There are 2 protein chains.
Amino acid sequence: MSQTVDRALSILPLLAEGPADLGQVADRLGVHKSTALRLLRTLHEHGMVYRQSDQRYRLGARLIALAQEAMENLDIREIAHPHLVRLNEQCGHTVHLAVYEEDEVLYIDKVESRYPVRMYSRIGKPVAITVAAVAKLLLADLAEHERRALADKLDYPMYTARSTPNPEAFLKELAKVREQGWATDLGGHEESINCVAAPIRGADGRVVAAMSVSAPNVVVTADELLTLLPLVRRTADDISGEYSGRTSAKGTV
Amino acid sequence: MSQTVDRALSILPLLAEGPADLGQVADRLGVHKSTALRLLRTLHEHGMVYRQSDQRYRLGARLIALAQEAMENLDIREIAHPHLVRLNEQCGHTVHLAVYEEDEVLYIDKVESRYPVRMYSRIGKPVAITVAAVAKLLLADLAEHERRALADKLDYPMYTARSTPNPEAFLKELAKVREQGWATDLGGHEESINCVAAPIRGADGRVVAAMSVSAPNVVVTADELLTLLPLVRRTADDISGEYSGRTSAKGTV
DNA sequence: CTGGGGCGTTGCAACTTCTGCAACGCCCAT
DNA sequence: ATGGGCGTTGCAGAAGTTGCAACGCCCCAG
């Protein structure tokens, strides 16, 4: 809608790939160097980009701080956190909390496993949307046509042999998840890692977030992990209850 | 430099305070509603803001994802991380890594204490610049006139009775830190928490990051914590060495 | 030592884009 | 019903933004 802002914002993902100098930015934006310079200057004034000692631009500190604040303001996160910690204390495994927002699912909280073998993941990182158990739950709650539209739009990277291969398989999986009210990821993202997940619902019954417990094969088998399902679901329901209670007219997410 | 972009970016910190509707955004920006709407729309297209179910705007998911990428691209972070983990294994306390950038110091990595009592802090959060041990180290390395200028510009909140009260005290502390090559924060931020910190230097000797070990009084006394200083300094030096070696012509931060 | 190329920067005039207005439609509460 | 609040749209004037060309700078090559 606004050309100037549009261009300026396009610079950010570009810099996320790595530092770039003025010429590179101008080229990739398809604008004159002087234009790129002015945009970068404005971004710089707001701390969104930073100029390294070699004159190249990087993403700036304020961007990071802003994102931090953004996450700290999420009400579900606040409510869920103590429950996640308690669950971690009970089972010892890695616990995640994720939300869906405009075609992306991302982790907004995490409690690390107490076992020495830990899985890689990071708060703020978009999750593997086609395979993650939490993603399945969040997407399964969308209206039918939205699921269809999204499923067709996605890529289906074959992380492992068990990854969801195509839109049809994905929609089928979503239907199943929707039906049963919980989800799993058994080696679909990383060969040796399994997850069980449960949905967190708002007062209106819509899924507002999802939580999961993940553990590598070397610690517990998939079957053993599945025995935790009742506990995970109970925790999710507790969070749902508290969230619905406290949330009066506040927005989702 | 660019009015439109400037206005658009001003919306972000505003939304970081909490969700806001169109009218509020327009008011605080001092522009017409229709203008604010167009700016918000552009931000929305880029995923920087998100529209909640109650129509109010929040910061968006892409912002969080971008910030995540920004941090993952920091080379010092990559190099330092395993060292921080090892240090944590040796002493058990919380370990932080921080960098300075344009009048701000922020944590870019953290390894949690293994003791039950943990301190609050969060990656991406700007640190209490006038009292934190890592901040002292990073600022102490600036040129004299920069230190002066910055010191005068800062606020000096009295978190505790031992907080740095004013520019003079701060500059004096920086001089001392610069001299001795390490820093402490003994209850200057939170009454019961102490830190010891050491600088990480690039090939040219400039301080590029700082790391610290923090622990509450209830776990170890300040004196006991200070006995860790040699270990902390050695770790920082190891990181410096590795960073200087690997870094050929790359930028700071 | 000198010349050339690369890169960031600036002033300017033309023009594209953005702005604020006013009016409309919508929903909720009175 | 009806008024107020809020988001949304089309439009013409105003204003900001654009690309150009030229400059200065630094570094490398001749």
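Remember, predicted model here, so these are calculated numbers, not experimental data.
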Peer 1: Starting at CE of A/Met48, measure out to CG of A/Leu15 and round the result to the nearest 0.5 Å.
Peer 2: 11.0 Å

Peer 1: With B/Arg28, which residues qualify under side chain to side chain donor-acceptor pair (under 3.5 Å), at least two apart?
Peer 2: B/Glu17

Peer 1: Rounded to the nearest Å, what distance is computed from the CD atom of residue B/Gln55 to the C1' atom of nucleotide C/dC26?
Peer 2: 10 Å

Peer 1: Is there any protein nitrogen or oxygen under 3.5 Å from a nitrogen or oxygen in nucleotides 10-12 of chain D, and what are the pairs?
Peer 2:
none

Peer 1: For residues 167-176 of chain B, dump all side-chain donor-acceptor pairs below 3.5 Å to protein atoms at least two apart in sequence or in another chain.
Peer 2:
| residue | atom | partner | partner atom | Å |
| --- | --- | --- | --- | --- |
| B/Glu168 | OE2 | B/Arg148 | NH2 | 3.2 |
| B/Glu173 | OE2 | B/Lys136 | NZ | 3.2 |

Peer 1: Nearest 0.5 Å, what's the CG-OH distance between B/Asp75 and B/Tyr243?
Peer 2: 5.0 Å

Peer 1: Which residue is it: B/Val25, B/Val49, B/Leu29, B/Leu9? I am looking for the one with a side chain to side chain contact (heavy atoms under 4.5 Å, CB included) to B/Leu39.
Peer 2: B/Leu29

Peer 1: Counting only side-chain N and O atoms of B/Arg7, is one of them less than 4.0 Å from OP1 or OP2 of C/dT19?
Peer 2: yes

Peer 1: Suppose we screen for side chain to side chain donor-acceptor pair (under 3.5 Å). Which residues come up paired with B/Glu45, at least two apart in sequence or across chains?
Peer 2: none

Peer 1: Test of understanding: with side-chain contact (heavy atoms from CB on, under 4.5 Å), list the residues that count as partners of A/Gln55, not counting sequence neighbours.
Peer 2: A/Arg51

Peer 1: Through what angle, rounded to 10 degrees, does the axis of the helix from C/dC1-D/dG30 to C/dT30-D/dA1 turn between its ends, using five pairs per end?
Peer 2: 30°

Peer 1: When you match A/Gln3 and A/Arg41 each to their closest nucleotide on DNA chain C, which lands nearer the 5' end?
Peer 2: A/Arg41

Peer 1: Enter the distance from A/Tyr50:OH to B/Glu101:CD here, rounded to the nearest 0.5 Å.
Peer 2: 5.5 Å

Peer 1: Just by distance, no angles: are the side chains of B/His96 and B/Asp109 close enough, under 3.5 Å, to form a donor-acceptor pair?
Peer 2: no

Peer 1: B/Asp103: which residues meet the side-chain contact (heavy atoms from CB on, under 4.5 Å) condition with it, sequence neighbours left out?
Peer 2: B/Tyr100, B/Leu150, B/Lys153

Peer 1: Cut-off 3.5 Å, no hydrogens considered: what does the side-chain donor-acceptor table look like for residues 59-66 of chain B, sequence neighbours left out?
Peer 2:
| residue | atom | partner | partner atom | Å |
| --- | --- | --- | --- | --- |
| B/Arg62 | NH2 | A/Glu104 | OE2 | 3.0 |

Peer 1: What's the CG-C1' distance between A/Leu39 and D/dT17, to the nearest Å?
Peer 2: 9 Å

Peer 1: Anything under 3.5 Å between a protein N or O and an N or O of nucleotides 27-30 of chain C, put it in a table, one pair a line.
Peer 2:
none

Peer 1: Just the rounded figure in Å: distance from P of D/dT17 to CG of B/Asp6.
Peer 2: 9 Å

Peer 1: With respect to the phosphate group of D/dG19, does any side-chain polar atom (N or O) of A/Thr35 fall under 4.0 Å of OP1 or OP2?
Peer 2: yes

Peer 1: Roughly how many Å is it from CE in A/Met1 to P in D/dG7, rounded to a whole number?
Peer 2: 18 Å

Peer 1: Quick one: list whatever passes side chain to side chain donor-acceptor pair (under 3.5 Å) with A/Asp238, sequence neighbours left out.
Peer 2: none

Peer 1: Test of understanding: with side chain to side chain donor-acceptor pair (under 3.5 Å), list the residues that count as partners of A/Ser34, not counting sequence neighbours.
Peer 2: A/His32, A/Arg38

Peer 1: Nearest whole angstrom, please: distance from the P of C/dG8 to the NE2 of A/His44.
Peer 2: 15 Å

Peer 1: Using a strict threshold of under 4.0 Å (side-chain N to carboxylate O), is an ion pair present between B/Asp54 and B/Arg56?
Peer 2: yes

Peer 1: Does anything in residues 13-33 of chain A reach DNA chain D, meaning a heavy atom under 4.0 Å, and if so which residues?
Peer 2: A/Val31, A/His32

Peer 1: For the side chain of B/Leu37, starting at C-beta, report the closest nucleotide among C/dC18, D/dT8, C/dT9.
Peer 2: D/dT8

Peer 1: Ignoring backbone atoms, establish whether A/Thr4 has a side-chain N or O less than 4.0 Å from OP1 or OP2 of C/dC18.
Peer 2: yes

